[in-house]
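These notes are about the structure you will find just below.
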Amino acid sequence: MEKASGTRENRPELARLLAGLRQGDPLVVTKLDLLGRSAAHVARLVRDLDEHAVTLRSLSETLDTSSAAGRLMVHVLAAVAQMPPGGGVGVTSKSRRP
């Protein structure tokens, strides 16, 4: 288990894990947000895993990239996880009608 925190993408334990994966292996994580430091980083990892025929399974989000739907959901959840609380979605006072 890595002890590093923050947005640092240079993660030796993750690099060692990825180097040991072979075609057809599943990579199982407890939470998707623990895999990458940003949505872009997770997306790159998923793409790289897919290119090497390695599937990603996240236990908390019940995701599996062995299907197209699973790959799509990983990208969507990675993006949503990066949003600030509240997501900036809502009705503002200027957009309300009197």
Side-chain angles (χ1 to χ4, degrees):
M1 176 176 280
E2 285 191 327
K3 307 253 189 249
S5 64
T7 60
R8 199 171 69 110
E9 287 189 22
N10 179 18
R11 299 170 58 200
E13 292 299 322
L14 178 60
R16 193 173 7 262
L17 170 70
L18 296 175
L21 292 171
R22 302 291 174 244
Q23 184 175 357
D25 284 349
L27 172 58
V28 180
V29 297
T30 56
K31 290 181 68 175
L32 187 60
D33 62 347
L34 296 177
L35 179 62
R37 299 299 190 201
S38 67
H41 186 216
V42 171
R44 282 195 308 274
L45 287 171
V46 170
R47 184 189 65 234
D48 292 346
L49 292 171
D50 192 45
E51 288 174 359
H52 291 93
V54 172
T55 58
L56 172 65
R57 294 185 187 135
S58 175
L59 301 177
S60 293
E61 293 87 3
T62 317
L63 294 174
D64 186 341
T65 63
S66 63
S67 71
R71 287 188 297 276
L72 173 64
M73 287 306 299
V74 166
H75 289 289
V76 169
L77 286 176
V80 170
Q82 296 298 309
M83 294 177 66
V89 177
V91 178
T92 64
S93 60
K94 289 183 178 183
S95 64
R96 292 185 193 145
R97 295 184 182 192

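The shown structure was predicted, so the numbers you read here are calculated from the model rather than taken from an experiment.
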Working to the nearest 0.5 Å, report the span between [atom1] of [X] and [atom2] of [Y].
X	Y	atom1	atom2	value
L17	E13	CG	CD	9.0 Å
L14	H41	CG	NE2	6.0 Å
S67	M73	OG	CE	10.5 Å

Test side chain to side chain contact (heavy atoms under 4.5 Å, CB included) applied to L72 - qualifying residues, sequence neighbours left out: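 By the side chain to side chain contact (heavy atoms under 4.5 Å, CB included) rule, L72 matches V76.
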Side chain to side chain contact (heavy atoms under 4.5 Å, CB included) partners of Q23, counting only residues at least two apart: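 Q23 satisfies side chain to side chain contact (heavy atoms under 4.5 Å, CB included) with A53 only.
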Using the rule given for side-chain contact (heavy atoms from CB on, under 4.5 Å), can you reason through L56 versus V29, listing the C-alpha separation, both sets of side-chain angles and the distance that settles it, and then say yes or no? CA-CA 8 Å; L56 172 65; V29 297; 4.2 Å; yes
Short question: side chain of R71, backbone of T65 - any donor-acceptor pair under 3.5 Å?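 Yes, because the side chain of R71 sits within donor-acceptor range (under 3.5 Å) of the backbone of T65.
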Flag, side chain of R11 to backbone of L35, donor-acceptor distance under 3.5 Å: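 It does hold such a pair.
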Hydrophobic side-chain clustering at under 4.5 Å (ILVMFWY, transitive links): who's grouped with V28? Put none if nobody.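 For the cluster that includes V28, the remaining residues are L59.
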Any idea which heavy atoms bring T30 and S58 closest together, and the distance?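 What the structure gives for the nearest pair is O-OG, 4.0 Å.
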Closest approach of G20 to D25 (non-hydrogen atoms, all atoms of both residues):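 Distance-wise, the nearest heavy atoms are O-OD2, 4.2 Å.
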Is there a side-chain contact between L49 and L18 in this structure, where contact means two heavy atoms from C-beta onward sitting under 4.5 Å apart?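 In contact.
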